[in-house]
There are 2 protein chains.
Amino acid sequence: MHSNRTRPNLSQIAALLDVSVATVSNALSGKGRVSNELADKIRATASDLGYVPGTAGRALRTGRSYVLGLVLPDIANPLFPQIAQAIEHAAAKAGYGVLIADSRGDVAMQTEVINRLLERGVDGVVILPRRGTRISDIGSPIAVIDSSSTPGNTVSADHWQGGQLVAEHLVSLGHSKILIIGNNPDSNVQNDRIGGMKSRIPAKVQSETIWIERLEAAAHVGCSLGLDRKFKEGFTAFATVSDLHALRALTELLGCGITVPEQASVTGFDDLTWSSAFRPALTTIHMDMPAIAKIAVDALTSAIEGNAAGDTPPTPGPVRPLPDACESVPMTLVVRQTSAPPRLTAA
Amino acid sequence: MHSNRTRPNLSQIAALLDVSVATVSNALSGKGRVSNELADKIRATASDLGYVPGTAGRALRTGRSYVLGLVLPDIANPLFPQIAQAIEHAAAKAGYGVLIADSRGDVAMQTEVINRLLERGVDGVVILPRRGTRISDIGSPIAVIDSSSTPGNTVSADHWQGGQLVAEHLVSLGHSKILIIGNNPDSNVQNDRIGGMKSRIPAKVQSETIWIERLEAAAHVGCSLGLDRKFKEGFTAFATVSDLHALRALTELLGCGITVPEQASVTGFDDLTWSSAFRPALTTIHMDMPAIAKIAVDALTSAIEGNAAGDTPPTPGPVRPLPDACESVPMTLVVRQTSAPPRLTAA
DNA sequence: TCCGGGCGATTAATCGTTTAATCAGGTCCC
DNA sequence: GGGACCTGATTAAACGATTAATCGCCCGGA
């Protein structure tokens with residue numbers, strides 16, 4: 001590969017072989033009619049020069065930038081690394097780049113950053129909407145990753161089924177009083193997870209749900225969740241909707257002298273990267289982000305490229321998963337060290 | 001703002017006002033010679049149509065895309081959200097978008113993803129290099145964020161000074177045996193942090209350094225760090241180089257029945273988002289990512305735009321901070337609940 | 001009256017790629 | 001021998017924005 005100061009373009013190759021730029025373009029894209037030997041020569045010098053088509057010219061001509069936007073409600077979300085990595089990887093495989101945008105938790109900002117992405121010419125947008133947000137109709141295809149109970153959702157983890165896994169696990173361990181710990185009752189994701197849990201808690205097993213934000217509104221942020229009292233009431237399993245809350249519950253229990261998992265079990269959700277970095281390592285529910293990202297990106301790119309091929313006008317708005325893909329990706333249970341059968345106290 | 005199906009362009013505005021596209025362009029950019037009243041009319045209809053210059057045409061003509069690349073050694077790094085958010089914000093303020101790339105910890109991949117970004121036409125690259133990587137000379141300006149002891153570093157947190165803060169804090173609390181817990185002795189960042197700590201540990205205070213990766217190589221991943229033995233040896237303070245390791249140390253101590261902060265203090269580094277989400281909340285060192293990002297982006301954009309203005313040929317390779325900016329951004333101590341004076345055991 | 005010059009706007013070229021339309025030349029068949 | 005047809009290539013236009021060069025016009029001074 002030559003190392004020129006400026007990147008080679010079609011006309012350089014054309015001049016070198018004394019052919020027209022159109023022929024070079026045809027040869028490299030395989031679209032027009034070019035003799036095999038000439039096409040070979042062209043491909044050879046192209047790779048010799050290290051030619052890659054300039055995105056600017058192509059975008060101008062074709063109207064497509066091969067860039068997707070990724071919109072997150074809050075980029076500081078600890079789940080973000082997994083998501084960004086998976087989306088970037090899936091997009092790269094499909095030949096797309098990923099432009100990030102952060103709405104910083106602000107609802108108004110969410111539409112603003114989407115507009116900024118569109119102004120930059122992205123071909124489509126992957127969005128993890130902020131709680132309770134309706135995505136207004138923008139002029140481009142959108143893939144929504146949230147929860148199957150969100151209208152317009154494209155794909156998401158099967159939070160309900162994940163909740164079922166948690167409940168089944170704890171019940172099968174022999175727990176008979178399970179405390180479900182949610183954060184915000186307005187979250188579709190959390191409601192799905194909790195709904196799934198409840199659906200698999202048999203009648204003979206007691207359960208109760210508490211919401212952290214409500215507790216904190218009544219007291220102060222970072223207040224005690226009162227788990228020691230719940231433990232004394234007989235709860236031996238504490239099922240949270242997020243690893244973050246599981247860690248909080250875990251440290252609160254340990255701080256009260258309640259051992260985990262001997263006296264009490266704790267479960268999380270999401271399998272954040274650090275969830276296995278401490279002792280006892282968290283039992284949690286893992287989501288298959290690569291699969292979710294692939295479905296979202298496939299749906300998006302097919303909508304985009306379908307459009308371009310298209311007799312039909314562009315299809316803006318939320319996209320559906322491809323026929324052979326599902327909207328809900330199963331979650332898996334990761335049993336580590338915070339769950340065990342309850343110690344049988346003398347009856 | 002009209003809501004057309006296709007985005008307005010210069011010629012639409014020109015046709016509407018019966019002027020040439022050049023005049024419209026001049027009026028909007030304020031460069032050519034246009035009468036005030038015509039310029040006003042043009043600006044009015046432009047904003048009425050919701051015109052924003054298309055990036056493709058502009059990029060093609062000017063050779064600049066107003067997009068920066070952000071390269072991370074491992075996007076799954078828990079520090080990534082803060083970094084990405086800060087860079088994205090700083091870039092957006094400067095009128096640039098941010099394209100992400102993830103080298104997935106692979107050194108060879110690092111140069112590959114940089115090339116992919118360049119092929120996409122980014123104007124510059126912000127990179128957090130993988131340990132021990134030399135950034136080969138690419139044809140574009142690069143801002144390197146690592147540590148001041150890294151050659152070619154553009155800007156970074158003052159890890160050394162952060163280490164000093166930790167040591168001063170622990171020493172002032174009265175600790176006289178401090179265990180420093182590092183992960184990988186090849187990391188410039190970790191060495192800086194530990195060097196800073198040692199530089200502020202007076203002779204009368206004992207200290208010792210252990211490396212997690214070495215311990216794990218000798219035993220197994222996730223093995224005990226042997227902190228209970230260290231505690232019995234008299235160590236009362238455990239200073240780690242990362243919140244991740246602090247959490248590990250904290251849970252190991254708690255699991256051994258050693259109370260924090262009453263019997264032992266633990267400190268982290270980086271102030272990860274979840275560091276305050278559990279009890280006892282971590283005492284840690286916070287880095288001013290927004291400031292770092294601003295310096296990096298400013299240096300990058302000024303190199304880019306200096307080039308364009310330029311008589312001089314483009315300045316590829318690592319950029320320096322602007323004259324009024326510094327290379328090392330001070331870190332701050334965040335005292336929470338894991339640090340306190342050591343309990344005086346009966347002598 | 002004629003020329004120089006400033007102002008306000010237009011013309012035209014350019015960036016790199018794609019693609020529809022066209023063209024030159026050869027082959028085949030009636 | 002002359003159209004029909006196929007093949008392999010070229011020509012030219014187009015995408016949208018920027019910008020150097022140009023042009024017409026009016027005004028002032030000689």
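Not measured: the values here are computed from a predicted model. Computed over heavy atoms, backbone and side chain alike; hydrogens, waters and symmetry mates excluded. The chains referred to below are lettered A, B, ... by the order of the sequence lines, with proteins before strands, and numbering in each begins at 1.
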Please confirm whether the backbone N or O of A/R64 pairs with a side-chain atom of A/D123, one donor and one acceptor, at under 3.5 Å?
no
Salt bridge (charged side-chain N to carboxylate O under 4.0 Å, His left out) filter on B/R120, not counting sequence neighbours, yields none
Would you say A/R104's side chain and A/Q110's backbone share a donor-acceptor pair under 3.5 angstrom?
no
First-last contacting nucleotides on DNA chain D - partner chain B, under 4.0 angstrom, heavy atom
D/dG16 to D/dT19
Ignoring hydrogens and angles, tell me if any N or O in the side chain of A/N153 forms a donor-acceptor pair with the backbone of A/D146 under 3.5 Å.
yes
Is A/E37 salt-bridged to A/K41, cutoff N-O under 4.0 Å?
no
For A/E119, which residues count as a salt bridge (charged side-chain N to carboxylate O under 4.0 Å, His left out) partner, sequence neighbours excluded?
none
Could you list the residues that satisfy side chain to side chain donor-acceptor pair (under 3.5 Å) with B/S147, not counting sequence neighbours?
B/S149, B/D192
Polar atom pairs (N or O), protein with nucleotides 6-8 of chain C, under 3.5 Å:
| unit_1 | atom_1 | unit_2 | atom_2 | d |
| --- | --- | --- | --- | --- |
| C/dG8 | N7 | B/R33 | NE | 3.3 |
| C/dG8 | O6 | B/R33 | NH2 | 3.0 |

At a heavy-atom distance below 4.0 Å, what parts of residues 20-32 of chain A sit against DNA chain D?
A/S20, A/A22, A/T23
Residue set satisfying side chain to side chain donor-acceptor pair (under 3.5 Å) with A/T154, at least two apart, ordered chain then number -> none
Anything under 3.5 Å between a protein N or O and an N or O of nucleotides 14-16 of chain C, put it in a table, one pair a line.
| unit_1 | atom_1 | unit_2 | atom_2 | d |
| --- | --- | --- | --- | --- |
| C/dT14 | O2 | B/R61 | NH1 | 3.1 |
| C/dC15 | O2 | B/R61 | N | 3.4 |
| C/dG16 | OP2 | A/N9 | ND2 | 3.4 |
| C/dG16 | N2 | A/G57 | O | 3.1 |

Rounding to 10°, can you tell me the angle the first-five-pair axis of the helix from C/dT1-D/dA30 to C/dC30-D/dG1 makes with its last-five-pair axis?
80°
Hey, does A/L128 have a side-chain heavy atom less than 4.5 Å from the side chain of A/P73?
yes
Side chains of residues 17-28 of chain B: which donor-acceptor pairs under 3.5 Å do they make with residues two or more places apart or in other chains?
| unit_1 | atom_1 | unit_2 | atom_2 | d |
| --- | --- | --- | --- | --- |
| B/S20 | OG | B/T23 | N | 3.3 |
| B/S20 | OG | B/T23 | OG1 | 3.0 |
| B/N26 | ND2 | B/A22 | O | 3.3 |

Calculate, to the nearest 0.5 Å, the distance between atoms CD and CG belonging to B/E88 and A/L72 respectively.
10.0 Å
Ring pair (Phe, Tyr, Trp, His ring centres under 6.0 Å) filter on B/Y51, not counting sequence neighbours, yields none
Over 60° means perpendicular and under 30° means parallel, so classify the ring planes of A/F80 and B/F80, tilted if in between.
parallel
List in chain and number order the residues that pass side chain to side chain donor-acceptor pair (under 3.5 Å) with A/D40, two or more places apart in sequence or in another chain; answer none if no residue qualifies.
A/R43
Polar side-chain atom of A/S103 near backbone of A/M109 as donor-acceptor pair, under 3.5 Å
no
